[in-house]
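Since we're looking at a predicted model, the values are computed, not measured. Nothing fancy with the numbering, it's 1 onward along the sequence. Both ligands and their constituent atoms are indexed starting at 1 by order of listing.
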Amino acid sequence: MNYINGEVNNSEVNSYPHLGLQHDDFRSAAHALVDRIIDYYGTLAERQTFPNVKPGFMRTLLPGQAPEEAENWPQVFSDVEKVIMKGSTHWNSAGFLAFFPCGTSYPALQGDLLSGAANPIGFSWASSPACTELETVMMDWLAKALNLPEFYLHNGICPGGGVIEGLASEATLMTLSSARSKAIRTQLSLHPNQTHHDIAKRLVAYSSNLSNSSVEKAGKIALVHLKLLDADKDGSLRGETLLAAIEIDKNNGKIPIYVCASLGTTACCTFDDLTEVRPILSATPTDSVLCVTMNYINGEVNNSEVNSYPHLGLQHDDFRSAAHALVDRIIDYYGTLAERQTFPNVKPGFMRTLLPGQAPEEAENWPQVFSDVEKVIMKGSTHWNSAGFLAFFPCGTSYPALLGDLLSGAANPIGFSWASSPACTELETVMMDWLAKALNLPEFYLHNGIGPGGGVIEGLASEATLMTLLSARSKAIRTQLSLHPNQTHHDIAKRLVAYSSNLSNSSVEKAGKIALVHLKLLEADKDGSLRGETLLAAIEIDKKNGKIPIYVCASLGTTACCTFDDLTEVGPICEKEGMWLHVDAAYAGSALLCPEFQYIRKGLEFTTSFNFNPHKWMMVNYDCSALWFKNSSHAVNALNVDPIYLQHEEMGSAIDYMHWQIGLGRRFRAIKIWFVLRMVGLEGLRSHVRRGVAEAKHLEGLVKKDSRYEILFPVTLGLVCFRLKIETFDEEKTNELNRKVYEAIHADRRFFITPASVGGKFIIRIATGHVNCSTAKLDECWNVIQDVTENLLGSSPHLDEYTADCSR
Ligand code: PLP
């Protein structure tokens with residue numbers, strides 16, 4: 001009803017609170033939730049550690065789809081007990097003695113809440129300097145606290161340094177892939193005619209048979225032969241075992257490249273002997289020293305000392321007052337964002353001078369820590385929620401999402417298997433169905449639908465792309481092996497080809513590199529769309545050359561210019577060729593909530609998997625990426641590793657999401673989706689999307705009125721791509737001029753925008769729909785752009801050409 005021929009009813013779209021709740025409603029809800037969390041921790045002894053529920057229990061407790069209208073907090077809050085707690089395995093309960101502990105503490109919850117509220121996506125230094133810099137400093141603090149070798153320090157002597165990954169599984173995969181790439185480069189320099197697969201098939205990695213299943217999984221993903229060597233009777237991988245394996249492999253023409261040693265194996269907390277392993281490896285040494293603390297004297301723990309500190313890091317009442325104050329501060333932050341500069345005036349390294357070189361020995365109090373938030377974090381923050389932030393795509397946040405995140409951090413289960421916390425898995429399956437219905441995805445994507453399909457929450461769209469490419473690769477390898485059983489995985493993998501358009505996100509290219517699948521970036525047409533004939537031509541050439549086309553990643557809403565691949569053309573080709581068709585709709589997927597944007601879904605019935613990021617445009621804070629499989633068994637078959645310590649009695653009748661993703665562990669992200677869908681309601685979310693589009697249309701109108709600029713791609717959703725165009729200028733001069741316009745806007749600091757380069761054209765892109773974006777702010781931005789342009793043209797040596805051009 002809001003949309004008639006692209007016209008938005010502005011009064012309606014502006015009538016709902018941009019953060020999903022009014023400030024004061026969030027304040028009372030968050031204070032109540034904090035109190036409830038304290039109560040939860042304090043009364044855990046009264047709860048049963050493992051719940052009495054059976055797979056599917058949650059379906060009967062929840063409606064079949066998301067509500068249209070927003071529900072209020074008391075309704076949602078009361079369901080936490082009835083729905084979540086009913087099926088929760090309490091990882092913090094005294095009776096929970098499984099797996100390893102999953103750390104939680106009150107200070108960690110506070111940090112998480114703040115991080116969710118600021119919600120920058122720290123992919124680059126500039127995306128938020130504070131995010132990167134605090135990470136480098138914290139990694140050094142940790143390295144020193146653990147007494148790691150000096151070469152691991154960022155401010156140390158080598159090019160070393162630390163990074164925070166989500167999971168140990170990611171760290172293993174990342175390091176194995178790095179070792180693989182290093183080895184391939186070395187071999188290529190010696191034998192330039194070899195292919196990557198010729199080399200990769202000779203590589204060998206080692207670990208002990210007690211190492212975590214994620215190491216085996218990393219070997220499968222990276223297509224590196226991982227050998228699990230026998231640990232000795234004390235559970236330790238010994239030098240002689242490794243040496244023997246390496247010698248045999250070298251004699252057989254293999255290239256040993258990597259060892260993943262364990263300090264604390266999952267099954268029995270045993271330790272590989274690094275002093276023996278290290279000298280064998282000519283590679284970088286890793287002689288970690290086990291940290292011996294003052295509490296430990298000959299293995300004896302001083303109990304009075306270890307029991308004197310609060311187990312949650314703070315006393316309950318100290319957390320209550322600190323968390324209430326933090327909630328109030330977050331509200332104040334959102335309310336006063338207009339007074340902050342969107343992009344900070346800092347230079348790389350600014351934080352080193354503001355923080356000590358190592359972690360404090362003694363606990364500091366909250367007021368000390370709190371005051372540093374402003375001095376340290378805010379000083380170097382790019383404010384992704386500020387009205388002047390028009391860069392990238394929006395990174396969704398909202399008060400209901402923050403409430404969900406806080407609860408999820410407090411419950412803190414790691415939902416790798418159904419049994420690890422039934423509520424975590426079940427709420428995810430229900431939420432993925434709610435979302436699939438809200439977006440009107442094909443029915444085969446529903447968990448309770450007709451086939452083996454269903455959805456899963458990954459952290460990122462990048463993971464979703466990699467996961468689907470790996471699934472397609474594994475399916476193709478299995479099919480080929482059944483036809484030619486004597487071939488190796490690499491014989492087959494080197495013939496596989498995947499396709500995407502040259503406008504797809506860089507994460508698609510990265511997925512190809514990780515999976516060692518040749519990814520071809522095909523030319524999009526002049527409207528930025530991958531067309532059927534382009535794909536068909538590429539497939540035909542590849543097939544003639546003996547290649548096996550397996551996968552297409554089509555984009556709905558490209559990052560550079562929000563254009564759409566033509567699924568109605570690409571889809572039937574994939575179907576005919578038996579290829580996997582994945583759709584990356586990371587940003588634009590949220591638009592499918594609105595009936596008027598359903599037209600962009602045309603062709604979805606041909607897809608094999610579909611992904612979008614609620615953490616972009618659906619008011620769910622980072623990270624949260626929704627992925628659906630038409631047939632999830634392809635994913636499960638690709639990466640299934642099933643060690644005994646992860647098995648449970650409901651295996652087979654319940655979903656174990658660890659098999660649907662790259663890593664093992666996973667957060668309880670479904671809670672924040674649940675809270676957002678209920679407390680904002682589908683109508684509220686549609687308003688949010690419509691507001692972003694209306695803002696973009698408004699800006700498009702301004703740009704179109706000034707003949708010096710041209711719009712480069714259709715403004716379909718919330719992205720406007722344009723450039724200054726002077727007819728007498730060639731492409732090079734035009735690009736140079738636009739780069740200067742962009743640089744001047746950036747230097748002005750009132751607005752943060754990002755450029756793109758499409759088809760050799762440097763373009764300015766402005767994304768709307770961020771929390772505080774408004775048409776008034778876009779008017780202001782447009783004035784800055786015009787001022788900048790006039791200043792530039794006024795001082796330009798090309799002024800005469802420009803004036804001549806205007807007077808024509
Ligand atoms: N795909 C598209 C179309 C995107 O726009 C983006 C990021 O903006 C991505 C993928 C990467 O998303 P993520 O950071 O979730 O991996």
- How does Asn505 reach ligand 1, if at all, at less than 4.0 Å between non-hydrogen atoms: by side chain, backbone, both, or neither? side chain

- Note on the structure: Exactly one of Leu403, Asp405, Leu402 clears side-chain contact (heavy atoms from CB on, under 4.5 Å) with Phe675, and that residue is Leu403

- With a 6.0 Å cut-off on ring centres, are Trp617 and Phe612 close enough? no

- Message: Within ligand 1, which atoms have a heavy atom of His615 less than 4.0 Å away?
- Response: 15 (O)

- Query: Looking only at protein heavy atoms, which one is nearest to atom 16 (O) of ligand 1, and how far off is it?
  - Reply: Ser462 OG, 2.3 Å

- For Glu428, the option from Arg666, Arg667, Lys672 that meets salt bridge (charged side-chain N to carboxylate O under 4.0 Å, His left out): Arg666

- Message: For atom 5 (O) of ligand 1, what is the closest protein heavy atom, and at what distance to 0.1 Å?
- Response: Thr559 OG1, 2.8 Å

- Under 4.0 Å between heavy atoms, the region of Lys616 that gets near ligand 1 turns out to be side chain

- Any nitrogen or oxygen of Asn613, main chain or side chain, under 3.5 Å from a nitrogen or oxygen of ligand 1? yes

- Around atom 12 (O) of ligand 1, find the nearest protein heavy atom and jot down its residue, atom name and distance. Ala461 CB, 3.5 Å

- Query: Relative to the ring of Tyr445, is the ring of Phe610 parallel (under 30°), tilted (30 to 60°) or perpendicular (over 60°)?
  - Reply: tilted

- Task: Provide the closest heavy-atom pair for Ile711 versus Glu700 in the form atom of the first, atom of the second, distance.
- Result: CD1-CG, 3.9 Å

- Message: Checking a contact table here: which protein heavy atom is nearest atom 1 (N) of ligand 1, and how many Å away?
- Response: Asp584 OD2, 2.6 Å

- Task: For the residue pair Ile121 and Tyr622, establish whether any side-chain heavy-atom pair is separated by less than 4.5 Å.
- Result: yes

- Would you mind listing which atoms of ligand 1 come within a distance below 4.0 Å of any non-hydrogen atom of Phe393? 5 (O)

- Message: Whether Arg765 engages the ring of Phe393 as a cation-pi pair (distance to the six-membered ring centre under 6.0 angstrom, angle to the ring normal within 45°) should be assessed.
- Response: yes

- Which heavy atom of the protein is the closest neighbour of atom 14 (O) of ligand 1, given with residue, atom name and distance? Leu460 CD2, 3.9 Å

- Item | Test item, Gly557 contacting ligand 1 (heavy atom, 4.0 angstrom) | yes

- Test item: Asn505 and Thr558 side chains (from C-beta on) under 4.5 Å apart, heavy atoms: no

